[in-house]
Amino acid sequence: MLQIEIVQGDITEQDVDAIVNAANSSLSGGGGVDGAIHRRGGRAILEECRRIRAERYPDGLPTGQAVATGGGRLPARWVIHTVGPIYVRSSAPARELASCHIESLRVADELGARSVAFPAISAGIYGYPLHEAAPIALRTVREARTSVELVRFVLFDEVALRAFTLAE
Ligand code: AR6
């Protein structure tokens, strides 16, 4: 049975098997949660991202897909990088946001991760309204077929925490 937790906090501090990064398709770092993960996790994560990009995704990781790297200096053993939709540019933002969660859990299953922390993917720089993103994220995880036992949504601020709590 999959357990879902909703907490306020910093995802880089989570002591789980894997944390999910709201990355961009270049996999070369950025702001928001992506910047925080690379800052705290150290250069090894960025170097692995660059290798994956060069070897497997020369045109960039497509929106809605996910890949894993090690966790560097983070407490988590792995980072699962996924690319959320840019809300105003996407023609199917809900489907792409759901895909981020499904694909991240699929990668977690491949790794053998049992506990996974998610941020509010796309709900920052990519502009996805929180009150729309939260129910999609929660429903997709709840309905996923996965061996992951714990999914923790780690929300950075009170506004995001409230949106996820209301959508639960
Ligand atoms: N822990 C948990 N959540 C966080 C943290 C943290 N340390 N820092 C920020 N958030 P965003 P996106 C929240 O913008 O919208 C990057 O430049 C934040 O408050 O990080 O998917 C990438 O490289 C918000 O609720 O991701 C991409 O270019 C949520 O994480 C682009 O931003 C997501 O905000 C991706 O944009």
Side-chain angles (χ1 to χ4, degrees), residues 4-43 45-50 52-53 57 59-69 71-76 78-90 92-105 107-108 115-138 140-141 150-168:
I4 297 179
E5 291 178 357
I6 297 172
V7 303
Q8 188 175 355
D10 181 341
I11 203 163
T12 66
E13 294 173 358
Q14 301 301 309
D15 191 6
V16 287
D17 294 336
I19 65 172
V20 175
N21 181 18
N24 60 64
S25 68
S26 78
L27 295 177
S28 56
V33 71
D34 193 9
I37 288 170
H38 284 293
R39 262 194 311 279
R40 181 108 192 249
R43 274 207 78 75
I45 301 177
L46 199 57
E47 280 162 16
E48 208 180 333
C49 278
R50 293 211 168 116
I52 291 170
R53 167 90 203 266
Y57 298 101
D59 298 327
L61 181 65
T63 303
Q65 296 199 23
V67 292
T69 65
R73 290 198 298 263
L74 295 165
W78 296 289
V79 178
I80 297 170
H81 307 262
T82 189
V83 183
I86 300 173
Y87 188 70
V88 295
R89 286 212 204 134
S90 172
R95 185 173 50 74
E96 289 180 340
L97 185 62
S99 174
C100 287
H101 293 81
I102 292 166
E103 290 300 308
S104 294
L105 289 172
V107 170
S115 53
V116 178
F118 280 87
I121 297 166
S122 280
I125 294 162
Y126 280 0
Y128 213 120
L130 267 167
H131 69 276
E132 290 180 32
I136 293 166
L138 281 161
T140 305
V141 167
L150 171 69
V151 166
R152 182 179 298 155
F153 286 98
V154 181
L155 293 323
F156 205 45
D157 55 34
E158 252 168 64
V159 177
L161 177 70
R162 201 172 318 123
F164 273 73
T165 308
L166 280 172
E168 202 183 7

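Indexing begins at 1, ligand by ligand and atom by atom, following the structure's order. As a basis for the values below, the full set of heavy atoms in this structure was taken, side chains included, without hydrogen atoms, waters or symmetry mates.
A donor-acceptor distance shorter than 3.5 angstrom exists from the side chain of Tyr128 to the backbone of Ala94, with no hydrogens or angles considered. Without hydrogens or angle criteria, Thr82 side chain to Ala22 main chain gives no donor-acceptor distance under 3.5 Å. With hydrogens and angles ignored, the 3.5 Å screen pairs no side-chain donor or acceptor of Ser99 with any backbone N or O of Arg95.
Ring planes of His101 and Phe153: tilted class, angle from 30 to 60°.
Listed by number with element, the atoms of ligand 1 under 4.0 angstrom from any heavy atom of Ala36 are 7 (N). Near Gly31, the atoms of ligand 1 lying under 4.0 angstrom from a non-hydrogen atom of the residue are 16 (C), 17 (O). The distance from ligand 1 to the heavy atoms of Asp34 drops below 4.0 Å at these ligand atoms: 22 (C), 23 (O). Listed by number with element, the atoms of ligand 1 under 4.0 Å from a non-hydrogen atom of Ala22 are 21 (O), 22 (C), 26 (O), 35 (C). In the vicinity of Asn24, heavy-atom distances shorter than 4.0 Å reach the ligand 1 atoms 22 (C), 23 (O), 27 (C), 28 (O).
When all heavy atoms of Gln8 and Phe156 are compared, the closest pair comes out as NE2-O, 3.7 Å. Between Asp10 and Gln14, the closest heavy-atom pair is O-NE2, 3.3 Å.
Atom 7 (N) of ligand 1 has its closest protein heavy atom at Asp10 OD1, 2.9 Å. Protein heavy atom nearest atom 15 (O) of ligand 1, with residue, atom name and distance: Gly124 N, 2.8 Å. When hydrogens are left out, the protein atom nearest atom 33 (C) of ligand 1 is Ala120 O, 3.1 Å; that is the closest non-hydrogen contact. Atom 3 (N) of ligand 1 has as its closest protein heavy atom Phe156 CB, 3.5 Å. Looking only at protein heavy atoms, the nearest one to atom 2 (C) of ligand 1 is Ile11 N, 3.6 Å. Of the protein's heavy atoms, Ile125 CD1, 3.2 Å lies nearest to atom 32 (O) of ligand 1. Scanning all protein heavy atoms for the shortest distance to atom 31 (C) of ligand 1 gives Tyr126 CE1, 3.5 Å. Looking from atom 21 (O) of ligand 1 to the surrounding protein, the closest heavy atom is Ser122 N, 2.8 Å.
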Q: Apply the test side chain to side chain contact (heavy atoms under 4.5 Å, CB included) to residues Trp78 and Val107: give CA-CA distance (whole Å), side-chain angles for both, the deciding distance (0.1 Å), then the verdict.
A: CA-CA 10 Å; Trp78 296 289; Val107 170; over 6 Å; no

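Donor-acceptor pairing under 3.5 Å is lacking for the side chains of Glu96 and Thr63.
Among Asp157, Val33, Thr12, the residue whose heavy atom lies closest to atom 9 (C) of ligand 1 is Val33.
Listed by chain and residue number, Thr12 satisfy the side-chain hydrogen bond (donor to acceptor under 3.5 Å, both in side chains) test with Arg40 (two or more places apart in sequence, or in another chain). A search for side-chain contact (heavy atoms from CB on, under 4.5 Å) contacts involving Ala120 returns Ala123, Leu130, Leu155, Phe164, not counting sequence neighbours.
Residue contacts with ligand 1 do not include Ala160, since none of its heavy atoms lies under 4.0 Å from the ligand.
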